[in-house]
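Contents: one structure, followed by commentary.
Since we're looking at a predicted model, the values are computed, not measured.
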Amino acid sequence: MIFTIPSLPYAYNALEPYIDARTMELHHTKHHQTYVDTLNQAITGTAIAAAEGAETLILERLLRSISSYSAVVQNNAGGHFNHLFFWDSLTPHTAQRPGEVLLQAIEKGFGSLEAFKRIFSTTAVMRFGSGWAWLSVAKQDGSLIISSTANQDNPLMDHIPLAEQGIPILGLDVWEHAYYLLYQNRRIAYIEAFWKLIHWEIVENRLIEATKYR
């Protein structure tokens, strides 16, 4: 099987009290694992399954041409990528503010860190049903953009509107399974907690990598 689910970079209880251990365990071992298992089954016998190289690069190439594949591959490839991305975006040892490179880019794009957080949070709150909120480096001009996708779509996918396509550097899962055990229907409280868990160093590194070759 070409795609695998790695262990989390922290214990299931490491993000408490903001995200509880039971939610993290179920989210990782049940929801994420199902995306990986279904994706591997869906690509059996295809060129994807025979591809060589780093798993993450194969997955990203797949997403960039996802419109050529079935809905099953689309949904589960997106689910696998989004969750890999999400786990690494979180840390129990978060800094209070982004690093200087990221902070300058945020201030240039949104005016201030506070304005960015407000727009991102509103975008996450307003996502109807299941989906994600994203901060990305735009494909069109390299600016920072905030967007929202339904289900397991993400800005790398080629069927996303061009103005919302790009390289994601921060993402928030707003599917109910990501927060319901602790927060029930209080999505706003979950989003507020998210700001206490962001791995700003990882986000800044993603920004640097995304802009390096423009």
Side-chain angles (χ1 to χ4, degrees), residues 3-39 56 59-60 63 66 71-72 74-94 116-136 145-157 160 164 166-203 206:
F3 296 114
T4 58
I5 180 170
S7 300
L8 296 184
Y10 36 75
Y12 289 130
N13 66 353
L15 305 182
E16 292 184 337
Y18 306 111
I19 303 179
D20 61 287
R22 185 59 175 156
T23 292
M24 291 298 297
E25 182 178 7
L26 290 171
H27 200 172
H28 180 244
T29 65
K30 302 300 182 184
H31 294 281
H32 190 177
Q33 186 68 60
T34 297
Y35 289 123
V36 172
D37 293 343
T38 307
L39 177 59
T56 53
L59 183 58
E60 288 179 14
L63 294 176
I66 201 68
V72 173
Q74 173 185 315
N75 292 333
N76 290 282
H80 183 29
F81 175 88
N82 291 356
H83 285 87
L84 289 173
F85 189 90
F86 186 55
W87 307 139
D88 286 344
S89 298
L90 306 176
T91 177
H93 308 297
T94 187
F116 157 67
K117 291 170 69 173
R118 184 171 61 253
I119 297 167
F120 188 97
S121 295
T122 300
T123 301
V125 169
M126 296 302 292
R127 165 47 58 187
F128 183 78
S130 300
W132 294 72
W134 302 97
L135 174 66
S136 304
I145 57 172
I146 293 171
S147 64
S148 173
T149 57
N151 300 318
Q152 294 297 350
D153 285 355
N154 65 60
L156 287 174
M157 294 178 165
I160 297 298
E164 298 176 4
I167 301 174
I169 63 172
L170 179 65
L172 173 59
D173 188 347
V174 291
W175 283 62
E176 284 192 342
H177 66 241
Y179 61 87
Y180 201 81
L181 291 182
L182 186 60
Y183 294 97
Q184 290 81 52
N185 65 328
R186 295 179 294 118
R187 182 187 285 188
I188 293 175
Y190 163 68
I191 294 167
E192 290 174 352
F194 170 70
W195 295 111
K196 298 177 175 25
L197 298 171
I198 296 174
H199 199 322
W200 289 116
E201 182 179 358
I202 290 286
V203 179
R206 289 170 176 162

Handout entry: Check: Pro168 and Trp132 side chains under 4.5 Å, non-hydrogen atoms
Key = no
Exercise for the section: Check whether any side-chain heavy atom of Asp88 sits under 4.5 Å from a side-chain heavy atom of Arg206, and report yes or no. Expected result: yes
Practice task
For residues Trp200 and Thr94, determine if any side-chain heavy atom of one lies less than 4.5 Å from a side-chain heavy atom of the other.
Solution key: yes
Handout entry: Derivation and outcome, side chain to side chain contact (heavy atoms under 4.5 Å, CB included), residues His32 and Leu84
Key = CA-CA 9 Å; His32 190 177; Leu84 289 173; 3.9 Å; yes
Practice task
Using a 4.5 Å cut-off on heavy atoms from C-beta on, say whether the side chain of Tyr179 contacts that of Arg187.
Solution key: yes
Problem - 4.5 Å side-chain heavy-atom contact, Trp87 and His199 - result: no
Problem - Reported OG1-to-CD1 distance for the pair Thr29 and Ile5, which is rounded to 0.5 angstrom - result: 7.5 Å
Practice task
For Gln33, look at atom CD and say whether over 12 heavy atoms of other residues, nucleotides or ligands are found less than 6.0 Å away.
Solution key: yes
Exercise for the section: Find the distance between CZ (Arg118) and CD1 (Ile146) and round it off to the nearest 0.5 Å. Expected result: 10.0 Å
Practice task
State, yes or no, whether a side-chain contact exists between Ile191 and Val125 at a heavy-atom distance under 4.5 Å.
Solution key: yes
Practice task
Look at the rings of Phe86 and Phe194 and say which category their plane angle falls in: under 30° parallel, 30 to 60° tilted, over 60° perpendicular.
Solution key: parallel
Practice task
Check the pair Leu172, Phe120 against side chain to side chain contact (heavy atoms under 4.5 Å, CB included), reporting the backbone distance first and the verdict last.
Solution key: CA-CA 9 Å; Leu172 173 59; Phe120 188 97; 3.9 Å; yes
Problem - Distance in Å, Phe81 CZ paired with Gln152 CD, rounded so as to fall on 0.5 Å steps - result: 11.5 Å
Handout entry: Side chains of Phe116 and Leu170 in contact at under 4.5 Å (non-hydrogen atoms)
Key = yes
Problem - With Tyr35, the ring pair (Phe, Tyr, Trp, His ring centres under 6.0 Å) member among His83, His27, His80, His28 - result: His83
Problem - Distance (rounded to the nearest 0.5 Å) between Lys196 NZ and Thr91 OG1 - result: 15.0 Å
Exercise for the section: Please round to the nearest 0.5 Å and tell me the distance separating atom CD1 of Ile198 and atom CG of Leu90. Expected result: 8.0 Å
Handout entry: Result of checking Thr149, Asp153, Asn154 against Trp134 for side chain to side chain donor-acceptor pair (under 3.5 Å)
Key = Thr149
Handout entry: Gap between atom NE2 of His177 and atom OG of Ser130 - 0.5 Å precision
Key = 7.5 Å
